[in-house]
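Data block below; observations after.
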Amino acid sequence: MVTISSNTVNSVIQEIRELKRSKQIEAEFSRVSYLLKDIKTTEEIAQLGQILKNLDYSEITTRYPEVKKVNIALTGNFVLNPIQPFLNYFHLCDNIFPDTYIADYGQYVYEILDVNSALYEHQPEITVCLLDEHLIFNELATPWRLLDIEHTLQEKLQHLEKLVIQYVNTSSGLLVLNTIPLSLNQTNQLLDYKSKASLSSLWKEFNASLLKLSNQFKSLIVIDIEPLLANATGLSDDRLSQYAKIYMTESLLSNYAFEISKISRAIKGKTRKCLVLDLDNTLWKGILGDDGNEGIEVSDTLVGEAYHQFQLAIKQLVDQGIVLAINSKNDIEKVKDVLQNHPKMALREDDFVNICANWSPKHENLKEISQSLNLGLDSFVFVDDSEFERNLVRSKQPSVTVLELEEDPATYSKTLLTGGWFNTLEITKEDYSRTQKYKTEVKRQEFIGKFDSIDDYLNELELKVRLFAPQQADIVRISQLTLRTNQFNMTTKRYQEAEINQLLDDSSITIIGIESQDRFGDNGIVGCIFTRQPIDNKNELYIDNFLLSCRVFSRGIETISLEHVLQQAQKANIEKVYAEYIPSSKNQKVHEFYKKQGFELVEETPQRVLYLRSLTDNIALSVKHINLSSDYRSFTCE
């Protein structure tokens with residue numbers, strides 16, 4: 001395991017404390033977020049998280065616009081203040097600022113049922129309702145029997161379902177519940193093993209039913225507490241539980257806060273998309289150039305089996321839409337030979353969308369991979385067994401997430417998976433086919449090399465675009481696009497599924513989905529446009545957001561889609577179309593998009609740019625190489 005000396009940790013804590021004391025912590029936030037990654041233990045995380053309380057978000061975001069705020073509400077059946085330092089630490093490590101509301105002790109029922117409660121006033125994007133076994137046992141008289149437990153569990157499940165219904169009908173945010181852990185202190189109160197088994201069975205059935213609730217409600221996430229307990233020092237501390245009403249240990253609360261930070265990543269567009277792998281002593285044991293195809297170890301030995309298990313874990317991620325690339329100092333032909341012909345390899349050439357095997361510096365290769373895939377470096381996770389290569393990438397490409405591998409390959413899978421870097425709220429059909437879509441994109445790039453001009457290439461691409469009104473089955477993908485698209489995203493506004501449904505129910509708002517396909521295959525849903533028509537002024541239309549997947553940039557899809565919307569607006573007697581652009585660190589390449597489409601600048605501040613297009617002249621479709629069809633709802637005529 002990579003360890004950091006106590007002197008180093010103490011110096012980090014001391015430096016951050018001094019920045020806080022001198023009121024320089026917001027101005028030096030990039031330095032702070034970098035230092036935080038050196039902290040490992042629960043005690044150190046808690047200490048730093050406490051120091052990082054009450055930061056000024058407005059001052060941070062003025063200097064560092066990539067830092068996004070997330071509103072979190074905490075409620076539950078015990079005292080939750082000890083979890084806040086952990087929320088601070090894990091979120092700030094990811095350049096997310098947690099604006100946290102903590103409800104009073106035991107007030108979760110009132111807070112969720114009362115639509116005018118302080119919880120809803122906080123407008124939470126994530127509401128965490130943290131519960132433990134006191135939820136059940138405080139309802140029971142002593143002595144209790146198994147039948148009493150069974151009835152109370154049934155009643156509590158129904159009660160929790162009512163709370164969920166109330167929340168999803170009141171808030172557009174996510175509600176996070178957890179399975180209820182059962183302590184030994186309770187099972188030990190039963191003397192016979194038959195009763196102990198029956199209690200465990202009833203408890204597991206209750207938790208299983210609680211987990212299944214997440215399938216009924218789109219805005220509900222239920223976290224299984226058992227995996228978090230496995231890496232904690234225990235469930236509870238007897239003294240803190242009795243005297244302070246803190247029913248979970250710091251280490252368990254730390255693990256829980258880490259899970260919440262992963263959810264925040266997903267809703268703030270900070271989920272990673274591409275896993276970049278070294279090869280020698282990372283995917284197999286040995287040096288390919290020295291040992292040859294036959295000499296490397298993959299599953300033939302105990303050590304080789306560890307590498308094989310690592311490959312299987314990666315393959316599972318790839319199936320769910322993770323883009324996979326190679327960045328290795330090797331000869332390309334030897335690498336391809338191994339991927340194609342080695343009998344024990346779990347990962348094959350078809351699993352990778354980019355194989356960068358050469359002798360160039362790896363930080364330069366990462367930049368080239370980024371450009372070829374049209375993905376930002378901040379969406380990359382880099383895995384390499386060499387400490388030298390890891391440190392070099394950290395230094396030269398600080399936006400890349402570099403995993404710190406231990407020496408033993410048996411730990412590689414855990415290191416990769418624990419971070420939850422690729423977690424998303426829900427998998428879509430587009431995710432399952434993402435690898436193939438990126439590989440198809442490589443074919444498009446090879447195809448373009450056959451032409452002397454981009455116009456000739458586009459004419460032969462046989463591109464088809466369909467503009468459509470999203471149906472319920474499309475909502476997950478539309479929401480995912482808003483959460484994950486960064487480069488061609490005119491406002492980077494993020495919408496969860498519940499918010500998309502609310503917009504669809506609003507008669508003044510039209511959501512237009514964009515599908516595309518070409519001679520190489522179907523790209524699926526690649527973008528969407530959000531428009532709003534003021535009820536009191538049918539002569540105006542506002543484009544609240546316009547976003548397009550990075551896979552389909554620069555083919556005219558954005559232009560023809562916008563022009564068609566303008567055409568339809570003109571047919572509805574709309575005279576003025578306003579479009580908003582909100583700059584971010586990632587969408588600079590589209591800052592003049594509306595201007596190039598004939599819009600005039602109306603208002604400009606560092607936080608917002610507003611454009612206007614007057615529909616005085618007939619709007620014509622300027623893109624001739626695209627076969628366009630549409631079936632979305634027309635705008636309302638005055």
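Side chains are part of it too, since the values below use all heavy atoms of this structure and drop only hydrogens, waters and symmetry mates. Every value quoted in this text rests on a predicted model; they were computed, and no experiment measured them.
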- Rounding to 0.5 Å, atoms CD (Glu66) and CG (Asn95) come to a distance of 5.5 Å
- Query: Does the Trp203 side chain pair with the main chain of Ile180, one donor and one acceptor, at a distance under 3.5 Å?
  - Reply: yes
- Item | Backbone N/O of Leu375 and side chain of Ser370: donor-acceptor pair under 3.5 Å | yes
- Verify the neighbour count for atom NZ of Lys20: are there more than 12 heavy atoms of other residues, nucleotides or ligands below 6.0 Å? yes
- Task: Ignoring hydrogens and angles, state whether a donor on the side chain of Asn341 or Asn293 is under 3.5 Å from an acceptor on the partner side chain.
- Result: no
- Message: Taking Pro361's backbone N and O only, do any of them form a donor-acceptor pair with Glu364's side chain (distance below 3.5 Å, no angle check)?
- Response: no
- Locate the shortest heavy-atom distance separating Leu288 from Val335; write the atom from each residue and the value. CD2-N, 3.9 Å
- Without hydrogens or angle criteria, can the side chains of Asn587 and Ser584 be said to hold a donor-acceptor pair below 3.5 Å? yes
- Are any non-hydrogen side-chain atoms of Phe520 and Leu461 less than 4.5 angstrom apart? yes
- Item | Minimal non-hydrogen separation, Val222 against Ser214, with atom names | CG2-CB, 4.1 Å
- Query: With the threshold set at 4.0 Å, does a side-chain nitrogen-carboxylate oxygen contact exist between Glu259 and Lys262?
  - Reply: yes
- Task: Check whether any side-chain heavy atom of Leu130 lies under 4.5 Å from a side-chain heavy atom of Asn178, and answer yes or no.
- Result: yes
- Message: Please check this pair: side chain of Ser33 against backbone of Ser30, looking for a donor-acceptor N/O pair closer than 3.5 Å.
- Response: yes
- Query: Should Asp378 and Lys586 count as side-chain neighbours, where that means a heavy-atom distance under 4.5 Å?
  - Reply: yes
- Ignoring hydrogens and geometry, is there a side-chain-to-backbone donor-acceptor pair from Tyr89 to Leu36 under 3.5 Å? yes
- Close side-chain approach of Ile314 and Leu283, heavy atoms under 4.5 Å: yes
- Message: I'd like to check Leu228 versus Phe258 (side-chain heavy atoms, cut-off strictly below 4.5 Å). Are they in contact?
- Response: no
- Task: Check whether the side chains of Lys589 and Gln487 place a donor and an acceptor atom closer than 3.5 Å, and report yes or no.
- Result: yes
- Message: How long is the straight-line distance from CG of Asp474 back to OG of Ser479, given to the nearest 0.5 Å?
- Response: 12.5 Å
- Under 3.5 Å, is there a donor-acceptor pair between the side chain of Ser200 and the main chain of Ala197? no
- Query: To the nearest 0.5 Å, how far apart are CG in Asn207 and CG in Leu182?
  - Reply: 9.0 Å
- Would a distance-only check, ignoring hydrogens and angles, find a side-chain to backbone donor-acceptor pair under 3.5 Å from Asp351 to Arg348? yes
- Work out which heavy atom in Glu426 is nearest to a heavy atom in Gln480; give both atom names and the distance. O-NE2, 3.7 Å
- Message: If we count only N and O atoms by modelled type, under 3.5 Å, do the side chains of Glu43 and Gln47 hold a donor and an acceptor together?
- Response: no
- Query: Ignoring hydrogens and geometry, is there a side-chain-to-backbone donor-acceptor pair from Ser209 to Glu205 under 3.5 Å?
  - Reply: yes
- Message: Do the side chains of Glu389 and Lys329 get close enough for a salt bridge, i.e. N-O under 4.0 angstrom?
- Response: yes
- Item | Ion pair Asp278/Lys362, N-O distance below 4.0 Å | yes
- Item | Check: Ile25 and Leu52 side chains under 4.5 Å, non-hydrogen atoms | yes
- Can you list the residues that meet the salt bridge (Lys or Arg N to Asp or Glu O under 4.0 Å) rule with Lys344, with sequence neighbours excluded? none
- Item | Heavy atoms from other residues, nucleotides or ligands near CD of Gln320 exceed 12 (cutoff 6.0 Å) | yes
- Task: Answer yes or no: is there a donor N or O on one side and an acceptor on the other, between the side chain of Asp337 and the main chain of Glu333, under 3.5 Å?
- Result: no
- Query: Side chains of Arg494 and Lys68: does their closest heavy-atom pair fall under 4.5 Å?
  - Reply: no
- Verify side-chain hydrogen bond (donor to acceptor under 3.5 Å, both in side chains) between Asn185 and Ser183, making sure each step is shown before the conclusion. CA-CA 5 Å; Asn185 191 48; Ser183 69; 5.1 Å; no
- Query: So which heavy atom on Leu339 is nearest to which on Met345, and how close?
  - Reply: CD2-CE, 3.6 Å
- Residue of the set Ile225, Leu252, Leu131 for which side-chain contact (heavy atoms from CB on, under 4.5 Å) holds with Pro181: Ile225
- About how many Å separate CD1 of Ile221 and CD1 of Ile260, when rounded to the nearest 0.5 Å? 7.5 Å
- Message: On a heavy-atom basis, which atom in Leu377 and which in Ser399 lie closest, and how many Å separate them?
- Response: CB-OG, 3.4 Å
- Nearest heavy-atom approach of Asn489 to Thr482 is ND2-O, 3.9 Å
- So, Thr301 and Glu297: side-chain donor and acceptor under 3.5 Å apart, yes or no? yes
- Message: I'd like to know if the side chain of Asn327 and the backbone of Leu277 have a donor-acceptor N/O pair within less than 3.5 Å.
- Response: no
- Query: Should Gln14 and Glu18 be marked as a side-chain hydrogen bond (donor to acceptor under 3.5 Å, both in side chains) after you check the CA-CA gap, both sets of side-chain angles, and the distance that decides it?
  - Reply: CA-CA 6 Å; Gln14 184 58 37; Glu18 178 59 27; 4.7 Å; no
- Query: Side-chain contact, heavy-atom cut-off 4.5 Å: Ser299 with Glu305?
  - Reply: yes
- Please state whether the rings of Tyr412 and Tyr307 are parallel, tilted or perpendicular, taking 30° and 60° as the class boundaries. perpendicular
- Message: Any salt bridge linking Arg394 with Glu404? Criterion: basic side-chain nitrogen under 4.0 Å from a carboxylate oxygen.
- Response: yes
- Message: Working to the nearest 0.5 angstrom, can you tell me the gap between Thr100 OG1 and His91 NE2?
- Response: 7.5 Å
- Point-to-point distance, once rounded to the nearest 0.5 Å, from CD1 of Ile557 to CG of Asn523: 7.0 Å
- Before accepting this row, confirm whether a basic side-chain N of the pair Glu406/Lys414 lies closer than 4.0 Å to the acidic partner's carboxylate O. no
- Task: Taking only Lys NZ, Arg NE, NH1 and NH2, and the carboxylate oxygens of Asp or Glu, determine whether Asp94 and Arg265 approach each other closer than 4.0 Å.
- Result: yes
